[in-house]
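This report refers to the structure that appears directly beneath it.
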Amino acid sequence: MDGFSKSIGGGGPNVPAGSHPAGGSQAAAGGGATQRTQYPYVTGTSVIALKYKDGVIMACDTGASYGSTLRYKSVERIKAVGKHSIIGASGEYSDFQEILRYLDELTLSDHMWDDGNSLGPKEIHSYLTRVMYNRRNKFDPLWNSLVIGGVKKGPKGDEKYLGMVNMIGTHFEENHVATGFGNHLAIPILRAEWHEDMTFEEAVKLVEKCLLVLLYRDRSSINKFQIAKITTEGSTIYPPYSLKTYWGFTHFENPAQGAVGSW
Amino acid sequence: MARFDPYENNGGTCVAVAGADYCVVAADTRLSVGYSILSRDHSKIAQLADKCVLASSGFQGDIKALQKALAAKELIYEHNNNKKMSCPAMAQLLSNTLYYKRFFPYYTFNVLAGLDTQGKGCVFTYDAVGSYERTGYSAQGTGSALMMPVLDNQLKSLVLSYCQLRTFNTKLLLVQDAVTPLSESDAVDLVKDVFASATERDIYTGDRLEIVVINSSGTHRECIELRKD
């Protein structure tokens, strides 16, 4: 919904900076004082995540686009939530910031109960599903696809959890998830190569393989990534880094080689 | 322009077959969006009461909200009446809940099934806005059009089809007649066959089949693999 239909339907900010032709009608369509989300503006692209031996690993790039302009290049789209979870978001970045505010309130009141219990990833996922669904019911969605991962001690020991929820409230739990273009490019790789109890190094290698494919093929991704992991010890969001890319293909070196004509 | 669409169809098919003293409910576990598969292992079946099970296909956000709302209402009923809700009672509640959102519907296609107050199998089939009827068997969802003809062929009683041929009097349609005389294991085999067939031709049906059998001794769950393409 957030990545794909935009590029095909020609939606999203077609005229980025400056005049917005549909500006006037937007206010009118919103019905006077209340405005509703019609399109996303500053968007993040795919987030991918998978369960491994010690917990959950999540990765995404640090770019945020304004239509076809790469507006922000150092944006953190993965954040820690409480002691047991991390959340990653694609889609409208300001809506993600709003969601982080909601989660702040939630974790604060959870902490103030001071009852020795803290919200785990399953609870956070359930809460966010309700928030997204209720906003969709009011026709004013939070234009995001969220990935929630974490580890918490349960009745069967340390239980790893990884789930996803999209802007209309569709949600599910899986061993590996990806949003936006990741759904089409990364999930096939994850389905073929993921297995139970991968080591951290194996998981990072697999994640980097997916990120590289997304870098080559997703127009809105950039070569600056962040990986985050969550284990029983807590969450770690690693500093951003770049992947090595290869452009030395003969067709790139001499693109007009096979073409007859002046262009 | 990409306009916000509050609905999406996450696909899948649900089936239920009522027997003399049992009920078989089944649904595939594939969650799709567009041409992608989001999950191969997502259950569409919710146990609302000990003898009452709801299988829903359609938009998953609405399915989960509906199942949650019904479970909450069932709990309140238990607290007020000191007993679990019977299947026919839940059937009426589901219809009312769906119609309440008549002008912004739950995009869900439901089959409610279980044992009635006499212990006989019952199946209730719904559309998205709450119109329902009690039948002996039903299929709802993306593969329903592929399954219903096969179920009609195997389960509609000879008495029923004969009456229909001879007269146009639809009052002869005795809904309870459609409760199958098949044994429990035969009904389960039929359900498996019918899903295998629908999986061949419906892109949204497949991966795994979850079968729930309700009888006097309780609820029994079984899963079998379906084609993953």
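Residue numbering restarts at 1 for every chain, and letters A, B, ... go by the order of the sequence lines.
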**Prompt:** Is the count of non-hydrogen atoms from other residues, nucleotides or ligands lying under 6.0 Å from B:Tyr35 atom OH greater than 12?
**Reply:** no
**Asked** Is the closest side-chain donor-acceptor distance between B:Gln60 and A:Thr170 under 3.5 Å?
**Response** no
**Asked** Roughly how far, to the nearest 0.5 Å, is the CG atom of B:Leu31 from the CD atom of A:Glu173?
**Response** 12.5 Å
**Interface moiety of B:Phe59 toward chain A, non-hydrogen atoms closer than 4.5 Å** = side chain
**Prompt:** For atom CZ of A:Arg191, is the number of surrounding heavy atoms from other residues, nucleotides or ligands below 6.0 Å larger than 12?
**Reply:** yes
**Request:** Answer yes or no: are there more than 12 heavy-atom neighbours, outside B:Tyr99 itself, under 6.0 Å from its atom OH?
**Result:** no
**Item:** Greater than 12 external heavy atoms within 6.0 Å of B:Lys101's NZ
**Value:** yes
**Request:** Measure the spacing between CZ of A:Phe172 and OG1 of B:Thr29 and express it to the nearest 0.5 Å.
**Result:** 13.0 Å
**Prompt:** Within 45° of the six-membered ring axis of B:Phe4 and under 6.0 Å from that ring's centre, is NZ or CZ of A:Arg136 located there?
**Reply:** no
**Fill in**
In short, A:Asn166 meets B:Glu8 closest at the heavy-atom pair ND2-OE2, 3.6 Å
**Request:** Specify whether A:His171 and B:His42 have parallel, tilted or perpendicular ring planes, treating 30° as the upper limit for parallel and 60° as the lower limit for perpendicular.
**Result:** perpendicular
**Asked** With a 4.5 Å heavy-atom cut-off, do B:Lys68 and A:Thr129 have their side chains touching?
**Response** no
**Message:** Can you confirm whether more than 12 heavy atoms, excluding those of B:Asn80, are under 6.0 Å from its CG atom?
**Reply:** yes
**Complete:** From the list A:Ile187, A:Val177, A:Asn137, the residue making the most non-hydrogen contacts under 4.5 Å with chain B is A:Asn137
**Request:** For A:Lys53, look at atom NZ and say whether over 12 heavy atoms of other residues, nucleotides or ligands are found less than 6.0 Å away.
**Result:** no
**Request:** Heavy-atom distances under 4.5 Å only: say whether B:Leu38 touches chain A with side chain, backbone, both or neither.
**Result:** both
**Request:** Verify the neighbour count for atom OH of B:Tyr100: are there more than 12 heavy atoms of other residues, nucleotides or ligands below 6.0 Å?
**Result:** no
**Request:** Measure B:Ser39 against the heavy atoms of chain A and call it side chain, backbone, both or neither at under 4.5 Å.
**Result:** both
**Item:** Portion of B:Ile63 that has a non-hydrogen atom of chain A nearer than 4.5 angstrom
**Value:** neither
**Complete:** One should read off an interatomic distance between A:Tyr133 OH and B:Asp62 CG, to the nearest 0.5 angstrom, of 3.5 Å
**Asked** If you draw a 6.0 Å radius around CZ in A:Arg71, do more than 12 non-hydrogen atoms from other residues or ligands fall strictly inside?
**Response** no
